[in-house]
Visitor: 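Dropping the structure in here first, questions after.
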Amino acid sequence: ATAGDLSIEEAIAAADKTHERSRIAEQRVVQADADVDGATSDFLPTLTLGASAVARPVEDAAGRYVTGSGSLTLTQPLLKPSAIPRLSSAKHSLKAAELTRDEEHRALAYDTARAFLAGLAADRFVDAAKSRLARARANLDNAQARAEAELNSINDVTRAKLEVASAQREVARRAAH
């Protein structure tokens, strides 16, 4: 189905790309993924670098005014039981965020398709009302010609005028929506 130059697929893609519900759901997945990374970091090694320097106004025995020291420490946890539930929880939260995101995409696609089809239906109602008006005008012309030829009564012309007025009202009503 198309409305003008926009297809229903393009409308859904545009809504998915720009609507806030979709973008919020995507950001929640990114946040949950970062939480998994944070929970995973509890199992990774830690590298610590430290340095210090001391400046003295007089030379030491080696003839230096400044002395320094440094340290480099690598720590690898073998088992950190307290981190296991945190990692499990973060993975479940990520899965829940992904499912919620997918549901938001589906709901947004449904809402967009429903609005798109409602717009198409409104366009078709306007087209139908215009077609009815054209038929009513043709019937009026026919009724007037038949009345002038004394084949029909003036009541047929009046009935045709009422049909034209009714069709004009319907076109105006449908075009306003």
Side-chain angles (χ1 to χ4, degrees), residues 1-54 68-138 163-177:
T2 61
D5 294 335
L6 184 68
S7 71
I8 194 167
E9 293 85 7
E10 292 168 336
I12 290 171
D16 199 37
K17 183 178 174 183
T18 59
H19 198 275
E20 65 186 20
R21 283 176 19 193
S22 179
R23 294 196 322 240
I24 289 170
E26 289 294 340
Q27 289 305 313
R28 286 186 179 142
V29 170
V30 169
Q31 179 184 2
D33 191 40
D35 290 344
V36 170
D37 290 344
T40 303
S41 69
D42 290 342
F43 297 99
L44 299 176
T46 305
L47 183 63
T48 308
L49 174 63
S52 66
V54 176
S69 65
S71 66
L72 181 65
T73 307
L74 178 65
T75 307
Q76 171 64 54
L78 297 175
L79 179 64
K80 193 170 183 182
S82 63
I84 295 171
R86 180 176 173 225
L87 179 60
S88 177
S89 174
K91 285 181 179 179
H92 289 301
S93 294
L94 175 60
K95 184 67 177 172
E98 289 170 343
L99 293 172
T100 301
R101 175 201 56 203
D102 294 345
E103 181 58 29
E104 284 294 332
H105 287 306
R106 274 191 289 280
L108 182 59
Y110 177 77
D111 292 345
T112 302
R114 185 176 46 188
F116 186 86
L117 293 175
L120 281 178
D123 289 346
R124 297 302 179 263
F125 282 132
V126 169
D127 292 344
K130 287 179 181 177
S131 176
R132 177 181 172 207
L133 177 59
R135 279 192 319 276
R137 285 183 176 150
E163 180 61 27
V164 168
S166 175
Q168 286 173 332
R169 186 197 69 215
E170 189 66 21
V171 167
R173 189 174 75 84
R174 292 295 181 175
H177 289 109

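This chain uses plain numbering: 1 for the first residue, then up along the sequence.
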Visitor: As an exercise, state the distance from CD of Glu104 to CG of Leu99, rounded to the nearest 0.5 Å.
Guide: 12.0 Å

Visitor: To the nearest 0.5 Å, what is the distance between CD (Glu103) and OH (Tyr110)?
Guide: 12.0 Å

Visitor: What closest approach, in Å, do Ala25 and Arg101 show between heavy atoms, and which atom pair accounts for it?
Guide: CB-CA, 3.7 Å

Visitor: For atom CD of Gln76, is the number of surrounding heavy atoms from other residues, nucleotides or ligands below 6.0 Å larger than 12?
Guide: yes

Visitor: So, taking the atom named CD1 in Ile24 and the one named CD in Gln31, what distance separates them when rounded to the nearest 0.5 Å?
Guide: 12.0 Å

Visitor: Under the 3.5 angstrom rule, does the side chain of Ser88 hit a backbone N or O of Ile84 as a donor-acceptor pair?
Guide: no

Visitor: Salt bridge (Lys or Arg N to Asp or Glu O under 4.0 Å), that's the test. Do Asp127 and Lys130 meet it? Break it down for me.
Guide: CA-CA 5 Å; Asp127 292 344; Lys130 287 179 181 177; 5.4 Å; no

Visitor: Taking the side chain as everything from C-beta on, heavy atoms only, tell me whether Leu47 gets closer than 4.5 Å to Thr73.
Guide: no

Visitor: Tell me, do Arg132 and Ser166 make a side-chain contact under 4.5 Å, heavy atoms counted?
Guide: yes

Visitor: Please round to the nearest 0.5 Å and tell me the distance separating atom NZ of Lys91 and atom CG of Asp33.
Guide: 11.5 Å

Visitor: Would you call His105 and His19 a side-chain contact if the rule is heavy atoms closer than 4.5 Å?
Guide: no

Visitor: Quick one: pull up CG in Asp42 and CG in Leu87 and give me the separation to the nearest 0.5 Å.
Guide: 8.5 Å

Visitor: Over all heavy atoms of both residues, which pair between Arg28 and Ala97 is shortest? Give the atoms and the distance, please.
Guide: O-CB, 3.9 Å

Visitor: Give a yes-or-no answer on whether the side chains of Arg135 and Ser131 include a donor-acceptor pair shorter than 3.5 Å.
Guide: yes

Visitor: Is the shortest heavy-atom distance from the side chain of Leu74 to the side chain of Thr46 under 4.5 Å?
Guide: no

Visitor: Give, for atom OG1 of Thr40 and atom CG of Asp35, the distance between the pair rounded to the nearest 0.5 Å.
Guide: 10.5 Å

Visitor: Do Ser41 side-chain atoms and Gly38 backbone N/O form a donor-acceptor pair below 3.5 Å?
Guide: yes

Visitor: Quick one: do the Thr18 and Arg23 side chains pair a donor with an acceptor below 3.5 Å?
Guide: no

Visitor: Taking all non-hydrogen atoms of both residues, which atom of Ser22 and which atom of Asp16 are closest, and how far apart?
Guide: OG-O, 2.8 Å

Visitor: Answer yes when Arg21 and Asp111 have at least one side-chain N-carboxylate O distance shorter than 4.0 Å, and no when they do not.
Guide: yes

Visitor: Looking at side-chain heavy atoms only, is the closest gap between Leu133 and Glu170 below 4.5 Å?
Guide: no

Visitor: Would you check if there is a donor-acceptor pair between the side chains of Ser52 and Ser69 at a distance under 3.5 Å?
Guide: yes

Visitor: Report yes if some heavy atom in the side chain of Thr48 is under 4.5 Å from a heavy atom in the side chain of Leu72; otherwise report no.
Guide: no

